[in-house]
Number of protein chains: 2
Amino acid sequence: MPNEDSAARRPRAVTIKHVAAEAGVSLQTVSRVINGGPNVRDTIKERVRAAIEKLGYVPSLAARRMGGTRSYVLLALNDRDRTIEGWRSGDGTDWVDQMMLGGMLECARHGYRMIVELVDTHSAHVERELGAALAALHPDGVILTPPHGDNPIITGMLTGRHIPFARIGSTGTGPGFAISMDDKRAAAAATEHLLAIGHRRIGFITGSDEYALSGARLEGYREAMHSAGLPEAPDLVARGDFTFASGAEATRSLLSLAERPTAVIASSDQMSLAALEVARSLGFEVPRDLSIISFDDTPIVKFSVPPLTAIRQPIAPMAACAAGLLIQAANGELAYDTPNVLPFELIVRGSTAAPS
Amino acid sequence: MPNEDSAARRPRAVTIKHVAAEAGVSLQTVSRVINGGPNVRDTIKERVRAAIEKLGYVPSLAARRMGGTRSYVLLALNDRDRTIEGWRSGDGTDWVDQMMLGGMLECARHGYRMIVELVDTHSAHVERELGAALAALHPDGVILTPPHGDNPIITGMLTGRHIPFARIGSTGTGPGFAISMDDKRAAAAATEHLLAIGHRRIGFITGSDEYALSGARLEGYREAMHSAGLPEAPDLVARGDFTFASGAEATRSLLSLAERPTAVIASSDQMSLAALEVARSLGFEVPRDLSIISFDDTPIVKFSVPPLTAIRQPIAPMAACAAGLLIQAANGELAYDTPNVLPFELIVRGSTAAPS
DNA sequence: CTGAAAGCGCTAACAT
DNA sequence: ATGTTAGCGCTTTCAG
């Protein structure tokens, strides 16, 4: 019988040994019950379960990682500068929250943990920083947030180490579970909504080229315009990089066109809010003089005046999908199969109306 | 010489053994260098460092936890239902983000990780759920978010297991590092700001009694009113529970008073936004007919119309402070000493003006 | 100042 | 169907 904690110090935690003793079986049998292993009589299984319950035993993650091949940890990789800047500025972006909502809950359902890791993915530090995180944590899988799924250094490191990973917002084939929403269809849907209520001159503000989805959104817009029989109008496309400043600049250029658009689609919430502000400052009323459709649907767009019609990005579902696939992959085998495309939503609010 | 990874499988990670071999010293010496232990000649220290650098060695968290007494993990405890509800609703609250900003970065500076854990703290599950998290992770410290620092079941469990913890938003003495802002002073400052610009009848909407800071804020308001020589007016205080709905209800009751207030202080952003909306719907213009001061300063209050004057809660600094103290406590000793009170900020925006 | 030995709590092979 | 034996990669005694 393991002796009680001597005198002081931490009360010795209850281990698999205690359970084994309590149930009158071997260590290994307890391990089998915990891990759903085969070849355990129901009677014994029951006895072990009772002992676990009675003792309140919970296996130590660290020990499981040491003994076995799994760590029960998933790493969610985010860009350090970008993430910190978002948090500092309080810009209302809830990417990380939605990731946790989807990812942590899915992990919890399987006894996994999701650890958020910030990594400087731009500089040459990537290799060292990601390598350090992998060595310290030995995650069973890694969730890559955009645009990391398209970073060959990162995907290469993970592939080389045989660590399963999921690429959120990345659509290409190749290693890693590709998880995305149909950005092209979403942009087309936004465009079609505007066309349906009578708009003809529709501007489009792109996102940063660093993100694959930027191109997809632009393409969806173009195709929808084309399908409506409208001529190609390159001056209706303005470049942005997701930031407020770039959105303001782009909107100014669009509104200064001889034939200015009656509606604009911006590839991010920050740019849409910029469009709203610039339009107002220039004397245009939204949606009377200009309709706006936003992308992402972070919390703030519900609180602007008017609240913005937006394409909602299913971040939580994508994170949950990623976690689920990675956990499967970490256990049984599971090939990087077909891409996983999750549904988006067009949420109509007050920033869109028929042109006047 | 440790053999290379045989045939396939995960490339064997570089361990302390490889470093020892490379540097031509024993395991123990490497360990000493890593942990800043004493009694290592500078020459050797240098040699080991070079080997570590060359091999890109990073110690495994799990192994350190197994061998030693520290886990290099801090747990940030949040209420499950409340947190998930916030994420789901997209209400723009960034509590978790700010915690990560402060806590994770401070952890990273010391080679620690912060793991966010959601626990059902209301039901009887607390003991089981928290116990499970502690057993699985063996954190070196726990950060309690409000109102958990005042939950005796939780603080009792941690005290009993000798796990250092920090109580954010909890001011009482007793075990655990108390970390808070001066809520009383903050409420007084808000009140004084309104008094200074000429308000006399100032309403106050309280937060949930479950939170100690609710009482402190109310007290600060009362004292400031008293100091200004104004008579006690209980009808100017309306009960709320931090939610939008409760704020709306409270505002309606305040605005229906015979002598209605010309300004109101609400103990949360959600309640303030409710006040704004109710005031507008009742035909009062903000700030002309009613000034509003909010508490917390989450992102959304910058985007309302008008943007809200608010007391900014230093969540990130509090989390960083908590992490720093816990890490110190986990290593050298460190007594639960004097409470740590961090500075708040009154940010004046468009929702406050002199009464008309 | 440095090294050798023991063991943390678990799982993966191998018995039985 | 169950038990036994080795480690996993580190830190902590304890010897030199």
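Protein chains get the first letters and strands the later ones, always in sequence-line order, with residue 1 at the start of each. Quick caveat, the model's predicted, so the values are computed rather than measured.
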*asked:* Output the rounded distance in Å from NZ (K17(A)) to C1' (dC8(C)).
replied: 9 Å

*R41(B) has an atom CZ; how far is it from atom C1' of dG3(C), in whole Å?*
13 Å

*Want to settle it: does V58(B) or S26(A) sit nearer the 5' end of DNA chain D, counting the closest nucleotide to each?*
S26(A)

*Taking OP1 and OP2 of dG3(D), is either one under 4.0 Å from a side-chain nitrogen or oxygen of T29(A)?*
yes

_Within residues 115-136 of chain A or reaching into it, pairs that qualify as salt bridge (Lys or Arg N to Asp or Glu O under 4.0 Å) - sequence neighbours excluded_ = R80(A)-E129(A), E117(A)-R113(B)

*Can you check the N39(A) CG to dC14(C) C1' distance for me, whole Å?*
14 Å

*Measure the distance from NE2 on H138(A) to P on dC10(C) and round it to the nearest whole Å.*
19 Å

*Any idea which of dC10(C), dT2(D), dG3(C) is nearest the T15(A) side chain?*
dC10(C)

*Polar contact flag, side-chain donor to acceptor under 3.5 angstrom, S71(A)-H138(A)*: no

_Between P of dC10(C) and CD1 of I52(A), the distance in whole Å_ = 10 Å

*asked:* Please determine whether a side-chain nitrogen of the Lys or Arg among R82(B) and E85(B) lies less than 4.0 Å from a carboxylate oxygen of the Asp or Glu.
replied: no

_Do the side chains of R109(A) and E106(A) get close enough for a salt bridge, i.e. N-O under 4.0 angstrom?_
yes

*Using the side chain to side chain donor-acceptor pair (under 3.5 Å) rule, collect all pairs that involve residues 24-38 of chain A, keeping only residues at least two apart or in two chains.*
S26(A)-T29(A), S31(A)-N35(A), N35(A)-R64(A)

*Let me have a per-nucleotide readout for nucleotides 11-16 of chain D, 5' to 3', with B, S or -, counting only protein heavy atoms under 4.0 Å.*
SB----

*Is it true that the side chains of Y72(B) and D140(B) contain a donor and an acceptor less than 3.5 Å apart?*
no

